[in-house]
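For clarity, every value in this text was computed on a predicted model and none was experimentally measured.
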There are 2 protein chains.
Amino acid sequence: MPAPARTSTEAVVAAGRAILEREGLAGLTMQAVATEVGVRAPSLYKRVRDRAALVGLVVDAVAGELAERLEQAASTGDPQRDLRALAAAFRSFAHANPAAYPLLFDPRSGGPSPEALGASSAAVLRVSADLAGEHHALAAARTVVAWATGFLSMELAGAFRLGGDVDEAWEYGVTGLARALGRDSNG
Amino acid sequence: MPAPARTSTEAVVAAGRAILEREGLAGLTMQAVATEVGVRAPSLYKRVRDRAALVGLVVDAVAGELAERLEQAASTGDPQRDLRALAAAFRSFAHANPAAYPLLFDPRSGGPSPEALGASSAAVLRVSADLAGEHHALAAARTVVAWATGFLSMELAGAFRLGGDVDEAWEYGVTGLARALGRDSNG
DNA sequence: ACCTGAACACCGTTCAAGT
DNA sequence: ACCTGAACACCGTTCAAGT
């Protein structure tokens with residue numbers, strides 16, 4: 001009477017993430033996930049409460065991986081270089097996860113868990129403190145992340161349709177922010 | 001045999017927008033819109049091709065209204081003041097349209113039409129040119145809009161969960177951007 | 001303890017039939 | 001010319017029944 005588990009929460013989340021990138025959020029159905037892990041849709045409810053919870057777990061997994069990338073990126077100790085490295089890490093992560101990335105900041109997805117959020121914030125906060133001073137660290141970090149995530153959302157959405165060079169606009173932005181944060185902000 | 005029209009595309013779009021804010025994107029169903037305009041769901045297909053097209057029309061309407069607000073806001077002629085006014089207009093519009101605003105930059109909504117996009121961009125481009133010089137106008141405008149939209153997406157998503165004062169972070173960002181765009185950028 | 005088929009409510013969409 | 005009921009495919013979710 002036992003009954004062998006034919007899948008796992010990790011497998012379900014991994015499948016969800018793969019399908020999300022392959023088919024988009026609308027394609028991330030319970031049936032599609034069930035098929036991918038080799039089970040029938042109702043069985044998924046042994047692993048996750050409902051579809052929203054599944055999406056939440058996927059978002060958390062993505063946030064965790066982003067945190068790793070940011071941590072690896074901001075490691076030179078030179079605040080100006082680290083800021084540029086953080087920005088580059090954000091952008092390459094977004095390009096590699098175009099469907100998942102916008103979900104991290106989507107009002108409708110609940111957002112990442114506090115833990116995942118904290119992990120993702122750590123590296124940015126550290127560099128922001130180095131650059132803008134402890135007193136302005138939080139506001140500076142929010143400015144950087146807001147710019148990066150807004151830019152990348154727009155880039156992924158194809159919202160830059162007035163011509164011009166998108167890479168150049170990105171470069172302009174990083175440079176401007178590095179300058180803005182680094183000036184007479186040693187509060 | 002004629003057959004009186006019992007609704008109109010404008011009424012459908014207005015209903016869609018109202019329901020979007022009341023019930024969220026998931027609540028914006030063809031049935032809900034049909035009920036609101038006093039018709040049965042299949043009749044909506046005389047006005048819009050499908051649900052995605054309806055959402056697109058709603059997004060366009062919202063983009064058009066945002067363009068008006070931005071145009072009204074940036075009118076003092078002083079670039080620094082106009083930039084702050086633009087930022088304030090973005091934020092109050094987002095707060096007034098919390099469900100619709102993120103859709104403007106959502107990869108999944110197709111985004112606003114080129115016309116609506118152009119109208120929304122005009123005021124920001126003008127102020128950016130005044131501030132950063134014609135040569136950097138586009139990159140500067142993209143920096144400002146990216147920051148504002150990213151900040152507001154995060155604010156609406158409840159992503160600022162590390163404490164601190166959100167208004168202060170906004171203020172810090174505007175000030176930093178105004179400084180960054182206005183310095184030695186007269187290319 | 002987990003898996004399944006069957007069932008239900010709900011949604012988008014099509015279409016023949018009405019006026 | 002527009003509106004409608006009926007129908008279809010599809011989806012999330014529940015649950016009793018299997019092992």
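Distance, B/Leu28 CG to C/dC10 C1': 15 Å, rounded to whole Å. Atoms CZ (B/Arg51) and P (D/dC11) sit 15 Å apart, rounded to a whole Å. A straight line from CE of B/Met30 to P of C/dC11 spans 12 Å, rounded to a whole angstrom. Residue A/Glu23 contributes atom CD, which lies 15 Å from atom C1' of D/dC10 at whole-angstrom precision. The CG-C1' distance, from A/Leu44 to D/dT14, rounds to 14 Å in whole Å.
With no hydrogens or angles considered, a side-chain donor-acceptor pair links A/Ser113 and A/Glu115 at under 3.5 Å.
Proximity note for B/Val39 (side chain, C-beta onward) versus C/dT13, C/dC11, D/dT4: the nearest is D/dT4. Proximity note for A/Tyr45 (side chain, C-beta onward) versus D/dG12, D/dC2, C/dT13: the nearest is D/dG12. Taking every side-chain heavy atom of A/Arg47 into account, C/dC2 is the closest of D/dC2, C/dC2, D/dT13.
Using a 4.0 Å heavy-atom distance criterion, A/Thr29 is classed as a sugar-phosphate-only contact. Contacts of B/Ser8 with the nucleic acid, taken as non-hydrogen atoms under 4.0 Å apart, are absent. A/Arg49 comes within contact range of no nucleotide atom at all, as no heavy-atom separation falls under 4.0 Å.
Contact annotation: B/Arg40 side-chain N/O to D/dC2 OP1/OP2 distance is not under 4.0 Å. Distances shown here put a side-chain N or O of B/Ser43 below 4.0 Å from the OP1 or OP2 atom of D/dT4. Residue B/Arg6 places none of its side-chain N or O atoms closer than 4.0 Å to OP1 or OP2 of D/dC3.
Across the interface with DNA chain C, nearest-nucleotide mapping of A/Lys46 and A/Pro42 shows A/Lys46 to be the residue nearer the 5′ end.
Residues B/Ala100 and B/Glu21 share a closest heavy-atom pair of N-OE2, 2.9 Å.
Summarising the base pairing, C/dG18 is matched to D/dC2 through a Watson-Crick or G-U wobble pair whose two defining distances lie under 3.5 Å. Pairing for D/dC10 is absent, judged as Watson-Crick or G-U wobble with the two contacts each under 3.5 Å.
Using a cutoff of 4.0 Å between basic side-chain nitrogens and carboxylate oxygens, B/Glu10 and B/Arg47 are not scored as salt-bridged.
Note that CG of A/Leu152 is 8.5 Å distant from CZ of A/Phe90, once rounded to the nearest 0.5 Å. If you take CZ on B/Arg161 and CE on B/Met154, they are separated by 9.5 Å, rounding to the nearest 0.5 Å.
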